2 protein chains.
Amino acid sequence: MAKVEPSKVRAPNIRDVAHLAGVSHQTVSRVLNGSESIRPATRARVVAVIQQLGYRPNQAARALVTSKSRTIGVLSSHTAHYGPTTSLHAIEEAARLADYFVTAVNLVETDLDSVTAGLQHLMARAIEGLVVIAPQARVLEAFAGLALTIPVVTLDSTAQLSGSASADSFAASHSLSVDQIAGARMATRHLIELGHRDIRHVAGPAGWTEAAAREQGFVDEMLAAGLPVRAAIVGDWTSERGYAIGQELLRDRDFTALFVANDQMALGISHAFLNVGLSLPRDVSIVGFDDIPEASYFWPALTTVRQDFAELGRRSIALLLDELQGKSDLDHERILPELMVRASTAAPA
Amino acid sequence: MAKVEPSKVRAPNIRDVAHLAGVSHQTVSRVLNGSESIRPATRARVVAVIQQLGYRPNQAARALVTSKSRTIGVLSSHTAHYGPTTSLHAIEEAARLADYFVTAVNLVETDLDSVTAGLQHLMARAIEGLVVIAPQARVLEAFAGLALTIPVVTLDSTAQLSGSASADSFAASHSLSVDQIAGARMATRHLIELGHRDIRHVAGPAGWTEAAAREQGFVDEMLAAGLPVRAAIVGDWTSERGYAIGQELLRDRDFTALFVANDQMALGISHAFLNVGLSLPRDVSIVGFDDIPEASYFWPALTTVRQDFAELGRRSIALLLDELQGKSDLDHERILPELMVRASTAAPA
DNA sequence: TAGTCAGATGTGAACGTGAACATTTAATAG
DNA sequence: CTATTAAATGTTCACGTTCACATCTGACTA
């Protein structure tokens, strides 16, 4: 059965447009790139032909000649989490509005090889800028040895941590985040103000800048209130681990309140407590961090610290685009988190 | 202060490699593309030079001459949800392993204009294939009028729904999903087997193929058991709306069990019930859908239907890549969901 | 009226790669 | 040893765009 060959329709190129409009291809190029030196009449004619032909500039040819890919890379890890995902979406949208493409790489492992491989993949795409959503110190350190020549924005709170200069160890880099320390202090202060004295902290895993910042905020606030600071229990962000920690904590209940480094762990811990018949917040007050959409409907509704992840993503792109256009003198305005007081906290019995 | 100009280091190109290896650029090209007709000695020499120079093929030049971008587009909506996000990650990883790039567009609105604009953005990138994670009928319908010439895989359950032929209305398209109807039947059967007779369904919003499929599965199973089917209550996937529905349902408690179309709504409903002092599952049994990671730690732990979103993503890419390579004769194996029985269901009192 | 100059438009080359075709080299058969 | 042929490698061109520079147009000045 003979197949009808679909007459190999080549997409119209800039010369087709030029020919039909009776101008040179360079004039069409000028119209496309918004040059000033074009007579309105000429511009109109060209635009009309573009419409008529449904002409779309060939991105590859542009990239080849300009060495600009109009692509921003995003390197992330654990993006299945609510925060990174939300930031990523905001990044994608903001970039798209500025007519940039986003190519993301989600790291499963965060060892040097994986980071390097992910980066290679992005570099093969000739990305013009990079956003890193991988708030683990080791990922950031991996960059130190790579000598990137493109602007980089990392979404982490390294800059907030004292004694950490890793953010400055490679060029053309900015670090951006919601103020984790301030958020942690708000959460802790809330518990203190309710009258709690024996407060423990369940931290995120070692090596995460977010975890370190939240712990530091907790410690700062406790010390400021003259309260004793006990060692933090180290979790891994998951509800599962939170549940196990909750069971451990039940062994000697020497606290009346917990500040937990994220909502998922707080959920797991709550579950462990409810399981043995404790009543929340009567027996224990719990504060989480992040304010994932489900947190309001946990049982009990979780008091937590809301971060504007979307705003974070938008700002990272704004920063990156500004840098790409040479205006790198920006004021790094702090993004403050917000305490959401709900049913999981109350005065101690 | 005189600035040292960084001697405009041009990245090495294929001719630099060729020159240094003492061969023609075409020979280098052959090495790069794994041609058979290369003497091992020559290949080794070229590879060595590539290593030495740190040469990386210019993607833009390749795309220009081959008209292949090695890029797959992903058009999604509501990707902040757990399922789509997980699928997206799997897609990204699978594509990267096959040396493809992924450019994603996340739709905020799903009207025709937004869908078209998103698609335009991807087409400007000359994507070779497209994955659509936007299980709303209107999005799929929008494609009908667009006459795409590239392979498309949609992640939705349209194909499972009787009387719906929209999946066939545009060419080169596949539809892929976890078997929603089977999952819904499992959930419903579980409640029936526990002894429940008065079971109601809280559905997803109108226009979502997933919502329709889950409702159909519920109805099918209820009818098969000879039980009366009451009209489904329509939600919007959010915990917030779930909470409101929970309050409404409390007005006349004419049911002993609920099958809710996703976990978030189930959470909101549970919260509403617990709020008025009901005990779960003693007073009401609830089954969700999706098995988000938090579901095991809800209070009570939620019985739900697990979908393998990652597998779905991987398969969509496998399907797409196969099609790009011409071998489109694939067996569309069903992906079956799994019922996770937890504490939120029990026999009626 | 001719000269000047800025604005508008055109011309040719270059970006880095792969495809098509041409040529050289090596191997095999007679 | 030569003819034949396949394998290996080389040469030229095209992809679609922007850049650098050249040319043309028209208005204003002296």
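Note on naming: letters A, B, ... go to the chains in the order of the sequence lines (proteins, then strands), and numbering restarts at 1 for each one. What you see is a predicted model, and the numbers here were worked out from it, not measured in a lab.
- Taking 4.0 angstrom as the limit, B:Asn33 places a side-chain polar atom (N or O) nearer than this to OP1 or OP2 of C:dG18.
- Both A:Leu64 and A:Ser24 sit near DNA chain C, but only A:Ser24 has its closest nucleotide nearer the 5' end.
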Is there a side chain to side chain contact (heavy atoms under 4.5 Å, CB included) between B:Ile133 and B:Leu75? Walk through the geometry before answering. CA-CA 6 Å; B:Ile133 318 179; B:Leu75 195 68; over 6 Å; no
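- The pair B:Arg10-B:Asp16 counts as a salt bridge, with a side-chain nitrogen and a carboxylate oxygen less than 4.0 angstrom apart.
- In this structure, A:Gln136 CD and A:Thr209 OG1 are separated by 8.5 Å, a value rounded to the nearest 0.5 Å.
- Taking both residues in full, the closest heavy atoms of A:Arg96 and B:Asn106 are given as NH2-O, 3.1 Å, listed atom of the first, atom of the second, then distance.
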Check against side chain to side chain contact (heavy atoms under 4.5 Å, CB included), A:Leu130 and A:Ile72: CA-CA 6 Å; A:Leu130 177 65; A:Ile72 286 171; over 6 Å; no
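- At whole-Å resolution of the value, CZ in B:Arg45 and P in D:dA8 are 14 Å apart.
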Distances for protein N or O near nucleotides 20-28 of chain D N or O, under 3.5 Å:
none

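- Take A:Arg30 and apply the side chain to side chain contact (heavy atoms under 4.5 Å, CB included) test, not counting sequence neighbours, and it matches A:Gln26, A:Thr27, A:Ser35, A:Ile38.
- To the nearest 0.5 Å, atoms CG (B:Leu53) and CD1 (B:Ile14) are separated by 12.0 Å.
- In this structure, B:Asn13 atom CG and C:dA14 atom P are separated by 14 Å, rounded to whole Å.
- B:Ser67 comes within contact range of no nucleotide atom at all, as no heavy-atom separation falls under 4.0 Å.
- Sorted by first and then second residue, the side-chain hydrogen bond (donor to acceptor under 3.5 Å, both in side chains) pairs involving residues 46-69 of chain B (not counting sequence neighbours) are A:Gln120-B:Arg56.
- Residue-environment remark: CD (B:Glu109) stays at or below the threshold of 12 foreign heavy atoms within 6.0 Å.
- Each of C:dT17, D:dG10, D:dT18 was ranked by its minimum atom distance to the side chain of A:Ser29; first place goes to D:dT18.
- Partners of A:His121 according to the ring pair (Phe, Tyr, Trp, His ring centres under 6.0 Å) rule, which considers only residues two or more places apart in sequence or in another chain, are B:Phe101.
- When rounded to the nearest whole Å, the span between CZ of A:Arg43 and C1' of C:dT9 equals 13 Å.
- When the local axes at the two ends of the helix from C:dT1-D:dA30 to C:dG30-D:dC1 are compared, using 5 base pairs at each end, they differ in direction by 40° after rounding to 10°.
- A close approach under 4.0 Å does occur between a side-chain nitrogen or oxygen of A:Thr42 and OP1 or OP2 of C:dT9.
- Separating the CG atom of B:Leu32 from the C1' atom of C:dG16 is a distance of 12 Å, rounded to the nearest angstrom.
- Distance check: B:Ile150 CD1 to B:Glu128 CD gives 9.0 Å after rounding to the nearest 0.5 Å.
- One cannot find a donor-acceptor pair under 3.5 Å joining the base of D:dT17 and the side-chain atoms of A:His25.
- Of the candidate nucleotides C:dG16, D:dG10, D:dT17, D:dT17 has the atom lying nearest to any side-chain atom of A:Arg15.
- Taking the nucleotide of DNA chain D with the nearest heavy atom to each of B:Thr66 and B:Ile38, the more 5' of the two is matched to B:Ile38.
- Contacts of residues 56-63 of chain B with DNA chain D (heavy atom under 4.0 Å): none.
- As a whole-Å value, the separation of A:Lys68 NZ from C:dC15 P is 16 Å.
- A:Ala104 and A:Leu88 make their closest contact through CB-CD1, 4.5 Å (heavy atoms, listed as atom of the first residue, atom of the second, distance).
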